[in-house]
Amino acid sequence: MGLLIVQKYGGSSVADAERIKNVARRVAESARLGHRVVVVVSAMGKTTDGLLALAAAITSTPDPREMDMILSTGEQVTIGLLAMALQSLGHPACSFTGSQIGMVTDAGHTRARIKRITAERIHAALDAGRVAVIAGFQGTTEGGDITTLGRGGSDLTGVALAAALKADVCEIFTDVDGVYTADPNVVPDARKLPRVSYDEMLEMAALGARVLQARSVEFAKKYNVPVHVRSTFKPDPGTLVTREDHSMEDVVVTGITHDRGQAKVSILRVPDRPGIASRVFGALGAQNIVVDMIVQNISRDGLTDISFTLPRADRTRAETVLTGLAREIGAEGVAADDRVAKVSVVGVGMRSHAGVAARMFETLSAEGINIQMISTSEIAVSCVIEDKYTELAVRALHDVFALGAERGV
Ligand code: ASP
Ligand code: MG
């Protein structure tokens with residue numbers, strides 16, 4: 001008896017007709033091996049960005065319901081084309097939209113959350129010997145309005161379907177061939193990891209390793225869905241994202257990640273009294289600006305500095321909000337800096353091994369790199385440094401934690 005496999009192909013894997021035919025061949029191969037295959041696809045190439053730009057040319061305050069009406073069209077094109085490509089190979093296939101498979105979400109347009117998946121039509125298609133080709137990223141409200149699941153949401157569709165169908169594995173096909181000990185473009189001897197735990201993958205996703213959408217990893221962890229990240233263009237196995245086991249804890253550091261998409265904002269000489277932080281971050285939250293690291297200095301003369309990092313794209317908005325607020329709360333001013341990067345060391349082994357942070361700081365200091373901010377979690381230590389030292393820092397840390405060398409897994 002074959003397996004039940006959910007395969008998800010991202011935008012770059014289906015960017016043009018040739019690539020869609022290539023995907024069809026890979027899907028047909030799995031089906032010929034006797035597996036039942038459900039395929040989830042993204043919109044072709046940069047289609048979603050194009051649709052967003054179109055909407056932006058009409059209005060700067062788009063109605064989220066209408067936004068979803070537009071965004072959901074991208075994936076609908078891909079499913080029709082892929083089903084046709086499979087049929088051309090002589091393999092029965094049928095495409096379905098989110099609403100056709102009963103992907104029911106809340107009404108949080110453009111970032112909807114999945115409530116349930118009925119999947120009846122998928123079962124029927126599989127029972128009839130067809131490949132079911134599903135539009136990723138989209139769902140429907142109870143009332144029948146189209147919703148989308150947030151950027152990168154096709155990963156979530158894949159994982160959620162694998163959970164709902166109790167599939168043996170969710171394969172995420174993409175243009176990288178797995179999860180590496182560091183970005184191979186930065187560290188030439190970075191190694192592909194055969195396995196990582198859900199928690200490590202979550203940290204890496206949040207810390208800038210753009211392999212899987214973070215929400216999809218949370219979902220995979222919750223429902224214990226094995227996720228295999230692999231290349232669309234090569235046959236080799238990739239990285240299995242899976243439940244943590246004892247052997248993983250023996251390895252202290254699994255990988256080094258970096259994120260250059262951040263900016264640092266400081267509010268200078270803020271009166272140090274109750275309610276200030278709440279006003280500052282309340283004001284940012286009201287603008288939907290999500291901050292990451294926050295540091296507040298000890299005050300000496302009743303005044304303190306508050307610094308935080310945020311996505312670089314939100315920097316100007318944050319500055320505008322805070323410049324007004326700074327005046328109201330009697331702060332001296334606001335300073336922002338785009339030339340920062342966050343470098344992190346990640347590994348579940350940190351739970352049981354001390355000294356990782358100290359070694360990281362020592363390594364950065366030996367390279368003459370100043371640490372501007374630090375944050376830690378149970379399985380990660382992150383430092384904000386000056387942008388131009390990113391490569392140097394990542395390479396030095398990769399070396400110090402011996403990630404390039406062969407090691408037991
Ligand atoms: N097409 C959507 C996006 O670009 C969903 C996805 O690709 O996962 O965000
Ligand atoms: Mg994607």
Side-chain angles (χ1 to χ4, degrees), residues 6-16 19-20 22-23 27 38-56 62 64-83 95-101 103 105 108-114 117 133-140 146-163 170-176 179 201-202 204-206 208-220 225 227-233 238 241 261 288 290 311 313:
V6 174
Q7 298 188 335
K8 179 261 172 179
Y9 293 88
S12 59
S13 303
V14 295
D16 55 36
R19 290 190 177 189
I20 290 177
N22 170 57
V23 166
V27 172
V38 175
V39 189
V40 175
V41 285
S42 292
M44 295 169 68
K46 304 236 169 281
T47 301
T48 308
D49 293 332
L51 294 169
L52 282 167
L54 259 179
R65 179 190 180 277
E66 305 311 330
M67 200 68 233
D68 279 348
M69 186 63 84
I70 300 165
L71 292 183
S72 63
T73 60
E75 275 70 13
Q76 200 169 326
V77 173
T78 324
I79 55 173
L81 291 171
L82 181 58
S95 65
F96 299 103
T97 63
S99 86
Q100 285 176 319
I101 60 160
M103 171 71 77
T105 71
H109 284 288
T110 74
R111 47 177 172 76
R113 304 189 76 92
I114 299 172
I117 309 174
V133 183
I134 316 297
F137 178 53
Q138 57 177 259
T140 172
I146 297 174
T147 52
T148 61
L149 308 176
R151 294 309 305 270
S154 298
D155 288 349
L156 183 58
T157 306
V159 171
L161 271 179
C170 177
E171 297 183 318
I172 304 276
F173 286 89
T174 173
D175 49 8
V176 298
V179 180
M201 192 66 238
L202 268 174
M204 292 187 191
R210 270 167 286 277
V211 185
L212 282 177
Q213 184 217 31
R215 262 173 84 186
S216 72
V217 186
E218 279 163 21
F219 206 99
V225 177
V227 177
H228 184 181
V229 179
R230 56 192 308 190
S231 165
T232 309
F233 308 103
V241 187
N288 264 319
V290 180

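When a ligand or atom number is given, it counts from 1 through the structure's own listing order.
- Looking at T232, its side chain does come within 3.5 Å of a backbone N or O of T174 through a donor-acceptor pair.
- With ligand atoms numbered from 1 in the order given, ligand 1 contributes 6 (C), 7 (O), 8 (O) to contacts under 4.0 Å with heavy atoms of S42.
- Between F173 and R230 there is a side-chain heavy-atom pair separated by less than 4.5 Å.
- In terms of N/O distances under 3.5 Å, ligand 1 is not approached by K8.
- Residue-to-ligand polar distances place G152 within reach of ligand 1: an N/O pair is separated by less than 3.5 Å.
- Using 4.0 Å as the threshold, G10 has no heavy atom nearer than that to any atom of ligand 1.
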Give every donor-acceptor pair under 3.5 Å between a side-chain atom in residues 69-79 and any protein atom, sequence neighbours left out.
residue, atom, partner, partner atom, Å
S72, OG, D68, O, 3.0
S72, OG, M69, O, 3.2
T73, OG1, I70, O, 2.7
E75, OE2, A43, N, 2.9
T78, OG1, S42, O, 2.9
T78, OG1, G74, O, 3.3

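- L161 has its side chain within reach of I101: a pair of non-hydrogen atoms, C-beta onward, lies under 4.5 Å apart.
- At least one donor-acceptor pair under 3.5 Å links the side chain of D155 to the backbone N or O of Q213.
- At a heavy-atom distance under 4.0 Å, no atom of Q213 approaches ligand 1.
- Close approach of ligand 1 to R151 (heavy-atom distance below 4.0 Å) involves ligand atoms 3 (C), 4 (O), 9 (O).
- Atoms of ligand 1 lying under 4.0 Å from at least one heavy atom of E75, given by number and element, are 1 (N), 2 (C), 5 (C).
- Among residues at least two apart or in separate chains, side chain to side chain donor-acceptor pair (under 3.5 Å) pairs with a member in residues 46-55 are D49-R151.
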